[in-house]
Structure formats: C-alpha cells, structure tokens
Amino acid sequence: MKPRRRHGAAGALIAAAAVAMAVVSIIPSAASAGRVAAGLSVPTANLPVPSSIGKGEGKLNLIAWAGYAQPEWVKPFEKQTGCQVNAKYPNTSSDMVSLMANGGGGQYDLVSASGDADLRLIYAGDVRPVNMALIPSWKQLYPFLQSPSFNTIAGKHYGVSFEFGPNVLLYNTKTFKTAPTSWSVIYSNKYKGQVTVPDNPIQIADAALYLSKSQPKLGITDPYELTQPQFNAAVALLKSEHPLIKKYWDAASQEISLFQSGTTVVGAAWPYQETTLAADKAPVASTIPKEGATGWADTWMLAAKAPDPNCAYKWMAYMSTPQIQAEDADSYGETPANTQACAIMDKIAKGSCAGYHANEPQSYFNTIKFWKTPLGTCDNGKNDCVPFQSWVTAWTQIIG
Amino acid sequence: MSETRATRIGLRIWVAAVLAFLFVPIAIIVLYAFNSSNIQAWPIQGFSTKWISIAWHDPQVRSALWLSVRAGLLATAIALVLGSAAAFGVHRFRFFGREAVSLLLVLPLALPGIITGIALNSAFQYVGINLSLLTIVIGHATFCIVVVYNNVLARLRRVSGSLYEAAADLGAHGFFTFRTITLPMLSTALISGALLAFALSFDEVIVTTFTAGAQNTLPIWIFGAIRLGQQLPEVNVVVAAVLLLTVIPVGVAARLTGGGGVTRASAAAAPRRSGFARGARVLGAGSAEPPGL
Amino acid sequence: MSTIREERPMGGMARVSAALWRRTWLRASLTLTPPLAWFLVIYIASLALMLVTAFWTVNPFTNVLEHSWTFTNFDQLFTSTYLTIIARTLEMAALVTVTDAVIALPFAYYMARVASPRGRQLLFTAVLLPLWASYLARVYAWIVILQKGGTLSWAFQQVGLGPVNIGYTNTAMWLVFSYIWLPFMIVPVYGALERIPDSLLEASGDLGARAWRTARSVIVPLALPGIIAGSIFTFSLTLGDFITPLLVGGTNSQFIGNVIYDNIGTANNLPFAATLSLVPIVIMGVYLLGARASGAFEAL
C-alpha cells in the first residue's frame, strides 16, 4: 500500500502543476490584468473627460491614506453632495497600486497616490485623465503642483495634487547644538548605530541627491532618473551607511518612538514626526540641508473604471478648497497644495502654517525634488535609466 | 494524581511565569489606554481618560468592529463544517493525493498574506464578484479551515477506531454514532479550533486589505491608526474594550471544553446523555489505550 | 439494554447510513468534496495562476508580463542575498517552534492533569484571551517593553542588573514571535495531553519510572500529535509573517514575506514575488513529509 500513497502525493501535485501550466499558457493571467501597458504611452490618455459634473451617484469609494477621510470633513461633504463616502486605508503605496489594478476593478473611484506610485498607475492604465476646469480651486494651487511631472503627462492631468511634504533631516538638539548643514551626518561614522532612514527603495534617490552635490562628476541631475553608474554609486553609499543604521523605519510612529527613547539621534523624517515629538517636549528639530531634499506629494487620481465619477469630481473639488486643505494639513501633518490655506491653518492651530512650511517662498520649494516612479526611460529620450524593479532588488541587498 | 509535590510546585511556578509572559503586554496595552500623550514612552508621562470618550464616539471604530465580528462568525462557521469534514476525510479514507491535501491546506498559513490576498483578489476580479462581506468571509474562511482541520485531525489521531466498531456492534447506524460518540469526542477540539479560527480572522489584516471593498475591518483600522501614531491610545482603548467583551464568551467556551470531557477513562464524574453512549465507551475505552504498549 | 431497542432507528436514517457504509467512495466524496472544492476552486486555482508567473518575467521598461518560460527568477533567487534571508526565516521559524513547544508542554500538562476543573477553565480562558487583543497592539506593546529605557530595561535596573537594550534586533523578534504564537501551541498540546488515561501514568510509575522518565518516555510521545499540530501553526505562521520583522526587527532582519511584499505593487515584479512564494511551499512540504516520516502521525 505504501508505494501507492507516495505516488498519490507526488502525482497529485504534478498533475495540478501540469494543468495549471497548460491553462495559463492560453488564458492571460488575471494577476497581470491592467499591467499590459507599454512604456512610453499612456493607455488611457484618450479617454473622454466630462465637461461638467453631473448628478452624484450616491456613493464614493476611496483608497486613501489613513487620516485623509476624517469625519470632520467627510460628514459635511456627504451632507452637501449626498455621496456616501467609503474609505479603505492600505498600508503602503505599493498596496495602493495593487488595489488599483485593472483600473480599480470597478470597485474604487479615487486613490490618494503618493509620487512614487503615480507614474506606475498612469502607465499601467489604471487611472484616467481629469478635467481641471471642473476643479475651481486648482488655480489656487502652487504653480509647481498644478501640472507636476509626477501626475501630468503631455499636458493631460491624471489627478489633482492634494498635499505634500519634504523629507527633512531630523536631529536631536542635545546631540547637535546647531543644525547640521549637510546630509553627510547620516553617512558619517560618528553616529554609528544612532541613525534612522525610511525603509523605502525610493530612499536611493536621497543618496543620489546627496551625491549630486558631493560628487558632481557623476552628473546626477534628476535623482529619480539614474544611469547605471550613477545608480551604483548611490547604492554603494547606502551600503556603506548600513552599519550606521539602527532601524529603517516603516511607519512614522516608529520613528517617533526611536527619537523619543533616544535610540536614534539623527535621520530622515517628515515634518509630522518633528511636530509630534516637539508637542511632547522632546528635544528635536529639523532642517533641510544644503543639498536639498526629496519630497512626497499626494494626488487624488481618478480610477479608469471608476463607478462613481461625478461623486469623485465633487470630492476632488471639495478637497482642493482652502478650508479643507487647512483642516487636513493640521490634522494629518503636511503642507497644503492650496496657497490660500495658510491663514486658515493658523486659525485652527497657531503657528501651524510656518510649522509645515506652508508660507515659504518659491525658492524653498525649488530645493525639493518630489517623488516620481523611476521608470527606465530618461528625459533625454533614451532607455538607459534604471527602472524601479532594480531599485527594489538593490534595496533588499542594502538593508539585509 | 501521580505527580510528586516538588513536581507540582515546579509546575505551578512555570504556569505563573507563562501567565506573566502572556499578560504583561496586555497590561501595557491597558496602561497606555490612559496615556495622555500620543507617544508610547516609558515611563508613562501623564494619564488621561479622554481616549475612552474619543473611541466611543468614533464611527469608524464601530463599523470596523461590527464588520470584523460578522466576518469572524461567518468564517468560523464555514470553517467548522468544512475543516472537520476535511479532517474526517483525510483521517478515514485512503485516496489519491491524500498527503498533498495536508500540504494544500496549510498553505494559507504558510504563505505571506500578501500572496493569498492578491491571488484571491485576482480570482474575484476574474470571476466578476464585487468585493464585499462575502469576499472577506471567503478569504478568512480559507485559513480558518486550516485551523479547525489541524485541531480536529490531531484529536482524531488520538481516537481509537475500536470505538466506532463497538458502536456498530451495539447496533447504531452511522449518523447516530456521529451524534452521540464522535461529536462529543471532538467537542473540545471543535470549540478550541473555533476559538483559534475566530481569533485569527479577527486579527487578520493583509488578506483582508485585498478581499474587502472600500471597507475596513478592525485590524485594518488599527493598522492605519498605528502608522501615524496619532491615535495609539485610542487603539489601546479599543483593544482593551474588546478584551473585556470577550472574557465572557471565551470563559463560556472554556467551561464547555475544560469541564471534564469525555477523554480520560478514569473521569467517572462526567455524566453521559444516553446509556448507549456509555455502553460503547465502556466497550471501546478498554481498547482506547494507544497501541505501542 | 432496553434503551437501545427503543432508540434503534429502523427508518430512513439507518438505510442511508447503511448505504453509505457499503459505498466508501460515496462517503469519502461527500466528506471531502465540499472542503476540497472550496479550496481548489477558490484558492488553489488562483494561487496556481499567480505562481506560474514564477517562470515568466516582466520587462522592466515596457512593464509587460512576458509569457515566455524562463528560469531567470530562480537564478536571481539562488544568490546570497535571498538565500541568507530564506535561511534566517527558516531559522527563526524553527527556533520559535522549539521555544513554544518547551514553554507549552509543562503548562499544558499542568492544565490537563494537575489543575482542578475550575483551574483548568480559568487557565484555558487565560491562554486564549490575549488572542483577542489585536496582534498589532500587542507587538506595539512589545516595542515599549524592549526599547532603550523601556519596561524590560527598567525592570532589570530595579533588580540591580544593568540596563538592557534589545529593541530592533533578531532577539526581539524571537521573543515577540514566541509570545504571539504561544496560544496556538498550548491549545493542541493540551488537547493531546488531556486524552492520556491516568492508568498509563500509573502503570509507568508501577514499572519504576520516576517523573522525568515518565515524562520522557510516556508523556512526550503521547503529546506528540499535539506538538506537531501546534508546530504547524508556529512554523508556518512565522514563515509567512512580515509584520513583526517590520515593527520589531532591526537591520538584517528581513524575512521572505518582506521581500515578497516589496516586489509587488509599485515594483511590479510579480514573477519574482511568485518565485519567492514557492519557497515557503517547498519548506512546508518538506516539513510535513518529515513529520509523517517520523511517525508522529501514527502515534495512535
């Protein structure tokens, strides 16, 4: 009886594998649906855009960062428009991309995508163009956020910029009597075991940004479009930084803990961490060093197969108004894209406008290089830049 | 009892240590539910009860909690039926691919949730099912079945086949035997399997992200709240409240399982419902000793 | 025996039962088809569709999934980066399993054999209750305990030992994993131990064995199916987990799950993620085969 049982197990598995292989050779894999788009052209570029916002469909399904759909502004919206808001809070940008596969699958209407995911969504054909004429507050946005390269391709807008923030250098004021002037502090042996940076492959761009100033011979102009030698240099820098890192933080609350307990004294952070720690009287401060900084900006993008486009437009218009921009900025801890929000922010929480750098001049924002998905294509029209797939592989090696 | 006094004291110390191990983090959670600050610093800087009222009035918490409870109950119910059926089948019958079944059934636990989540999400899209409570339940039931299956199978392996033969000798047909012998025999395994399955479902976050529509179960809400850390004390309040609420059902379940059971041949105290069952047990118990002796 | 004569059913139920008794295949199908159908149709099929992409690639420039059979992903898998991560995951899973088995056995023994029925109920409740405190909240509590200047360090200092800082290390991960999965080990082991008849232990004593010998030769082998069932949970759940490494691990703490997670979504490298997913499947296959071969399942 025994040999028969052994054949049973192996046989079953082999049969199953054979069947699976045969089947999927014929049927296109469901998992790849929505990712069949090619590199340089946007599959949804020619989808029609509405010329006016019609009657609301009664519901709105959002994929948003936790904290973007707070009752304070969702309830008034629901009352005004009759669109019942259902929000889903995924954990990472990557989760958002996965959920939006196949144009949102007919389930979701909007996604608040961060810059590192935007281009992936656009070129996969998961989002569709938006008519900015239907977003009145769009004219009030910062000029550099009205048609940024991470959500606008060839003049077509694939969403409306929402809020943003720089990735600043956070430091313990007891260790650093004066603000560090260069990102070199997080690469220096002096603070071994006390440094923290985000656990995100896009962090390679931060290293590239530093190298663009410290090793100008590499010729790095755009930290998200790196040729192989430039990429290798950035990776080498990060590998040399590895022994200095105590923890690559995944959630803002982690970094807050790290600084609060004194486990780390310097690292890359968002203004949110600084404000939260400062509110708790922790001795921290932040700065943007002379090399500049990377930054993230979130965009409300419209799903290609959105079931409730009218409610979606109403939401985009609503979330761009100065009042809501200010409320969200103070609640979540980021900078509003709408220039008129600053005064309202100070009314809600005194000093918050300056705290989140919402009143800086254009020169400040020029020092920020906003996230965009590194594709293999470079602006020079060639294809020799390193695509994000390789960033991820390199990142796995870097953090070990 | 055949244990020496020293052994028993040693065991008591061990049990106390393990209980401390299990409950110190719980104590921390309850303590930090009253933290006035968002940041979980040690030692705690200040106390406040404001989070209780915040949690109570938070509509997102209520809908998330209610969704989790419904999904958990449904998934556990399905898992009880299908998991036991699978355990029976694998235990009793020899068939083509029998060993593979155990491997297939362990996959939902062994594979990272992201894989299960994306596989199920693709399947639902392909078939055209809308993401809703139904798809959440399907996703949860898939790994809840594993928990029940393993528990029931482990119990079945300790049950001697002679019990069924004794029952048949006494004239019972299959369904009767099932109702009076097998089910009581399995009751502990079923109840503990159900509790474990429900706990897994109640705690599951990654698969649910991909099988739920634009809705959040409690763990998804918690994960979102925990990222920014703005609502950590609120999370602790909610968790502590859930703990308080579940003491009763878990206690009841413990009563049903721990109250002497059908297992030890010398447990003469446990009353049985029918003379038939007692008769079979007497007949069968004699040979319920595991072989190998 | 008069109760039996009255209760003996002669009608439909008995007929159905007899019919099923004669046709084993029918009984087998009825029992097995629903669960297996559920599994195969819903889960395995979609999983297979995804895993077959392990033999395909995504063109990183056009982002198109190319259906051409190749072993490139496996070449990438068998490099030191990923092999180290796989070994680390495996090691931790084994360590956590052993730790939990060691912790659970005396505890479950006490619960099953020494405690009064009332005590048994209380202990059972106590073991299961932590499962209802969210996994995430419990791991976050551990961060507070293990961080620099945290509860553990404070406790050590209270008793005169120096401060201790094991936050964000693999040791921290081991502690947290052992903690989280402990109830999953205790419950099946308890289930196995409660089935041991007292007479066996008495017989062992009569034959001259002291406590340790009885434990080693009688109790542990009889508890083995429970330990195996529990180990399946602790081993597989640790294999597939990536949240604890994320929250409590430090540098050099990545697990298979973390790498899989990184390669899905924006990275758009589903084929490589699928390749990585084959690893836990193979590992669990080997594990189950080993458990069967060791005779643990035949302890009946």
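In what follows, chains are A, B, ... by sequence order, proteins preceding strands, each numbered from 1.
For B/Phe21, the parts lying under 4.5 angstrom from a heavy atom of chain C are both the backbone and the side chain. In this structure, the portions of B/Pro25 lying under 4.5 Å from any heavy atom of chain C include both its backbone and its side chain. In this structure, chain C has no heavy atom under 4.5 Å from any part of B/Val238. For C/Phe242, the part sitting under 4.5 Å from any heavy atom of chain B is the side chain, from C-beta outward, and nothing else. Within the 4.5 angstrom heavy-atom criterion, no atom of B/Val127 approaches chain C. Contacts between C/Leu123 and chain B at a heavy-atom distance below 4.5 Å involve the side chain alone, from C-beta outward. Proximity to chain C (any heavy atom under 4.5 Å) is restricted, for B/Phe202, to the side chain, taken from C-beta onward.
Heavy-atom pairs under 4.5 Å with chain C peak, among B/Val235, B/Leu19, B/Val242, at B/Leu19. Taking B/Ile226, B/Leu232, B/Leu153 one by one and counting their heavy-atom pairs under 4.5 Å with chain C, the maximum is reached by B/Ile226. Among B/Asn236, B/Ile206, B/Val205, the residue with the largest count of heavy-atom pairs under 4.5 Å with chain C is B/Ile206. Heavy-atom pairs under 4.5 Å with chain C were tallied for B/Leu245, B/Leu218, B/Leu31, B/Ile78; the largest tally goes to B/Ile78. In terms of heavy-atom pairs under 4.5 angstrom with chain C, the leader among B/Leu111, B/Leu200, B/Ile26 is B/Leu111.
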Criterion side chain to side chain contact (heavy atoms under 4.5 Å, CB included) on B/Phe23 and C/Leu129, from CA distance to verdict: CA-CA 9 Å; B/Phe23 280 92; C/Leu129 210 51; 4.3 Å; yes
Does the pair C/Glu194 and B/Arg155 meet the rule for a side chain to side chain contact (heavy atoms under 4.5 Å, CB included), with working shown? CA-CA 10 Å; C/Glu194 82 168 337; B/Arg155 170 56 59 84; 3.0 Å; yes
Please test C/Trp142 against B/Ile28 for side chain to side chain contact (heavy atoms under 4.5 Å, CB included), starting from the C-alpha separation and ending with a verdict. CA-CA 9 Å; C/Trp142 272 103; B/Ile28 300 266; over 6 Å; no
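Nearest heavy atoms, B/Gln40 versus C/Val144: NE2-CG2, 3.4 Å. Nearest heavy atoms, C/Ala273 versus B/Ile115: O-CD1, 4.3 Å. Of all the heavy atoms in B/Ala119 and C/Ser46, the pair that sits closest is O-CB, 3.2 Å. Scanning both residues, C/Ser134 and B/Asp203, for their nearest heavy atoms gives CA-OD1, 3.3 Å. Considering all non-hydrogen atoms of both residues, B/Arg12 and C/Tyr110 come closest at NE-OH, 2.9 Å.
Exactly one residue among C/Asp241, C/Leu237, C/Thr238 makes a side chain to side chain contact (heavy atoms under 4.5 Å, CB included) with B/Leu109. That residue is C/Leu237.
Ring planes of B/Phe198 and C/Trp132: parallel class, angle under 30° (limits at 30 and 60°).
Distance check, rounded to the nearest 0.5 Å: CD1 of C/Ile186 to OG of B/Ser192 gives 12.5 Å.
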